[in-house]
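Got a structure here, written out as structure tokens. Questions coming.
In this text the structure is predicted, and so the values were computed from the model without any measurement. Quick note: numbers below take in every heavy atom, side chains included, and nothing from hydrogens, waters or symmetry partners. Just follow the structure's listing: the first ligand is 1, and inside any ligand the first atom is 1.
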Amino acid sequence: MAKRTLDAFFKPSTTPPKRPKTEPTESTISTPETNNISIEETKPPSHHSSYPIPIAQLPSHVEVGLEHATPATSPREINNQPHLDLLHFQPYIPRPTANELFKFLRRELPFYRVQYTARRGDVETQINTPRWTTVFGVDETSTFIQQDNGPNSLVLLETKTKTPIPKTKYQCSPRPIPACLDVLRKQVEAANAAAGTQNPGYNFCLVNYYASGEDSIAFHSDDERFLGPDPNIASLSLGGERDFLMKHKPFVPGGNVNGTADGCMSGAAHSMSGPGGTGVTRSGTLSGGTLNTVSPGSRPVAVPLQQIKISLGSGDMIIMRGATQSNWLHSIPKRKGQTTRGRINITFRRAVIPGGTNNYYHYNVGTGGMYRWDEVAREMVLRDGKVKNATG
Ligand SMILES: O=C(O)CCC(=O)C(=O)O
């Protein structure tokens, strides 16, 4: 197959969409949205013993849209501030396909509203994560290997020895990335390659669902040690538009602050939003237009502290690269009182040690019940109070 050049990669494809490899079959289902219309059905769902439910594969029209129209635009580089290295696709997935994908993922994925206790010194705080979450993947020391063609054929093995993992290796049951998200993972890796970025080898997929402007994620950075140095994080937005804020970490003599936010144990990842969840950070000194001292090498320099606001629409993608995570914080602030559509955010990351796997399942699946989107109630509804594969 002829290689596509960089320019060609970032130009929408002009070849007519092919039929998906598996011909869809037709069936009739009745939901309030379809109202007895005939809809396409695609390949059989992804099954795994660690899943609380089988997870549907992408409908063929979404798969075709993804295969032939992404990236919908060339990325814009945002690197005009110290340590900032972003690629912004506006959009990455064409908006109509992104909206279909949003509805599909909200309907098909299991979600959780995780609660946990954060301890800082002697003080314990009960945290209610202010958004819905779910996670798939495993760190690089383990690999899901296809054993046969059965529905539960993915077996978790030690990456180096290809032997079964010891039962005590994880405090959770890692879940393989289902086919519907793996399609996206591969495409986002290809977008990195086309932009000249080293293959990030994503092995985790974290999904947030913000049901309304009340849902949020506080200022934090994804710079945990279990992600290795200079992690590459790709962040895809689907559904309603929300503001994405970024600000430089304050300079701390002798090193950077670690970027954890309210209610979060030091070093605990993806758990940054406290009870208020309004983006309260430890950096009360930051304000637009003032100067802050940062130290990129040994020589401190003054840099303008400009907070960045990017409005993320359906299908947009930001890839955060290089020194971004170790120097910048990001958040999705609450937008109380505003009518905001629901929004899904998917981040692809690479975790390098088992601690990353334990952390991600602890804070994104947790020990509470599983929720599913209910088309009639138009909200997440508790479906299984008894948690399968509860994490410690
Ligand atoms: O929803 C977003 O765009 C940001 C999500 C995020 O920061 C995270 O999952 O760490």
Numbered atoms and elements of ligand 1 in range of R343, under 4.0 angstrom, heavy atoms: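 Once the distances to R343 are compared, the set is 1 (O), 2 (C), 3 (O).
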Which of the atoms of ligand 1 are close to Y210, meaning less than 4.0 Å from one of its heavy atoms?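 Answer for ligand 1: 1 (O), 2 (C), 4 (C), 5 (C).
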If the contact criterion is a heavy-atom separation under 4.0 Å, does R131 count as touching ligand 1?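 So R131 does not count as touching ligand 1.
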Could you tell me which atoms of ligand 1, counted from 1 in the order shown, lie closer than 4.0 angstrom to a heavy atom of D222?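 Checking each atom against D222, I get 10 (O).
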Cationic tip of K309 within the cone over F244's six-membered ring, i.e. under 6.0 Å and within 45° of the normal?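 Checked: cation-pi criterion not met.
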Looking only at heavy atoms of Q325, does any of them come nearer than 4.0 Å to an atom of ligand 1?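 Per 4.0 Å heavy-atom rule, Q325 does not contact ligand 1.
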Report yes or no: does a heavy atom of I217 sit under 4.0 Å from some atom of ligand 1?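 In this structure, I217 qualifies as a contact of ligand 1 - some heavy atom is under 4.0 Å.
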What are the two closest non-hydrogen atoms of P174 and Y170, and how far apart are they?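 In this case the closest contact between P174 and Y170 is CG-CD1, 3.8 Å.
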Counterpart residues, side chain to side chain contact (heavy atoms under 4.5 Å, CB included), relative to P229 (two or more places apart):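 Partners of P229 by the side chain to side chain contact (heavy atoms under 4.5 Å, CB included) criterion come out as none, since no residue qualifies.
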Measure from NZ or CZ of R107 to the centre of the six-membered ring of W373 and say whether it is under 6.0 Å with the direction within 45° of the ring axis.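 Negative - R107 is either too far from the ring of W373 or too far off its axis.
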Steps toward side chain to side chain contact (heavy atoms under 4.5 Å, CB included) verdict (I78, L84): CA-CA 7 Å; I78 306 178; L84 189 66; 3.9 Å; yes
Does R242 have a non-hydrogen atom less than 4.0 Å from ligand 1?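 False for this residue.
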From S46 atom OG to Y51 atom OH, the distance as rounded to the nearest 0.5 Å: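 Those atoms lie 5.0 Å apart.
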Under the side chain to side chain donor-acceptor pair (under 3.5 Å) rule, collect the residues that match up with D243, sequence neighbours excluded.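 Counting only residues at least two positions away or on another chain, D243 forms a side chain to side chain donor-acceptor pair (under 3.5 Å) with R335.
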Would you check whether N345 has a nitrogen or oxygen atom less than 3.5 angstrom from a nitrogen or oxygen atom of ligand 1?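 Such a contact does occur with ligand 1.
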State the atoms of ligand 1, each with its element, that fall below the 4.0 Å cut-off from a heavy-atom position in I332.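 What qualifies from ligand 1 is 1 (O), 2 (C), 3 (O), 4 (C).
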Please work out whether any backbone atom (N, CA, C, O) or any side-chain heavy atom from C-beta onward of R349 is under 4.0 Å from ligand 1, and answer side chain, backbone, both or neither.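 R349 to ligand 1: side-chain contact only, backbone stays beyond 4.0 Å.
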